[in-house]
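See structure below.
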Number of protein chains: 2
Amino acid sequence: MKEKKEISLEKPCSVGKAMGIIKGRWSFPIIRALMQETLRFKELERAVFSINTRMLVKELKELANEGLITRKAYATVPPTVEYSLTEKGRALRPVIAEIEKWSANFL
Amino acid sequence: MKEKKEISLEKPCSVGKAMGIIKGRWSFPIIRALMQETLRFKELERAVFSINTRMLVKELKELANEGLITRKAYATVPPTVEYSLTEKGRALRPVIAEIEKWSANFL
DNA sequence: CCGAATCCTCGGTGATACTG
DNA sequence: CAGTATCACCGAGGATTCGG
């Protein structure tokens, strides 16, 4: 199923694979929003400015698939679903920190 | 000129702008190749595995435009063009380092 | 050797309406 | 509230050829 292309993005230097995961337009914004606290779907939709439902769903699914976030659904009415970062996801904090540092210095 | 869309990618958190620069599929591979040494066009084409001419030209232009790399042409025959990182470009080293660290731990 | 110029494909993204 | 379902678009990316 899916059978992604998985051509060698470059030398075997691991950065390529990582970028393959966090390359999306919304990956970092979402991760960043969850970095502070667990959020529900609607809260995320508001927190990540200008994203729409479809993209949010899609990204959340991908991120969950990569093991960066956890989806927890409660059988309440109305439904409640909470998203939070996994260890793997939280481990991206230093990466984001470095990017922000770079942005601050050169942008 | 150009007048990029520049809609607010997310909250004003700077990560968005940075990602806008390094999001391309080839940005990091190229930067990484140049991190070690100055390279000529053809050398780059070989160093960045599986890239093609057009993409290399395009990316180099964009990166030069963003001030990440420097293009230096010599009027020799045959022509010689060397690309090297600027300060701004080299400053991405810690970012890449963090990504590699993350990759090593979680991929 | 170093690109510029074309043509084309495909997936990421967006808007909107609908459902459990 | 938390998604699914469709339709449509645009630009990044690729293959190839041509020029200085």
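Proteins get letters first, then strands, A, B, ... in listed order; numbering begins at 1 in each. The structure displayed is predicted, hence computed values, not measured ones.
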For A/P79 and for A/K61, find the nucleotide of DNA chain D with the closest heavy atom, then tell me which residue's nucleotide is more 5'. A/P79
Please report the distance, rounded to the nearest Å, between CZ in A/R25 and C1' in D/dG11. 13 Å
Is the shortest side-chain N/O distance from A/Y83 to OP1 or OP2 of D/dG3 below 4.0 Å? yes
Answer yes or no: does a side-chain N or O of B/R40 lie under 4.0 Å from OP1 or OP2 of C/dC2? yes
Closest listed nucleotide, where the reference is the side chain of A/M55 and the choices are D/dA15, C/dA4, C/dT13: C/dT13
When you measure from the side chain of A/E59, which nucleotide among D/dG3, C/dT13, D/dA2 comes out closest? C/dT13
N-O pairing of B/R46 and B/E43 below 4.0 Å: no
Could you check how far CH2 of B/W26 sits from P of D/dG13, rounded to whole Å? 9 Å
In whole Å, what is the span from the CZ atom of B/F49 to the P atom of D/dG14? 13 Å
Of A/T53 and A/G24, whose closest DNA chain C nucleotide lies nearer the 5' terminus? A/G24
Does a nitrogen or oxygen in the side chain of A/K58 sit under 4.0 Å from OP1 or OP2 of D/dA2? no
With a non-hydrogen cut-off below 4.0 angstrom, is A/V81 in contact with a base, only sugar-phosphate, or nothing? sugar-phosphate
Expressed in angstrom and rounded to an integer, what is the separation of A/L44 atom CG from D/dC1 atom P? 13 Å
Would you say a side-chain N or O of A/R54 is under 4.0 Å from OP1 or OP2 of C/dA17? no
Contact class for A/T80 (heavy atom, under 4.0 Å): base, sugar-phosphate, or nothing? sugar-phosphate
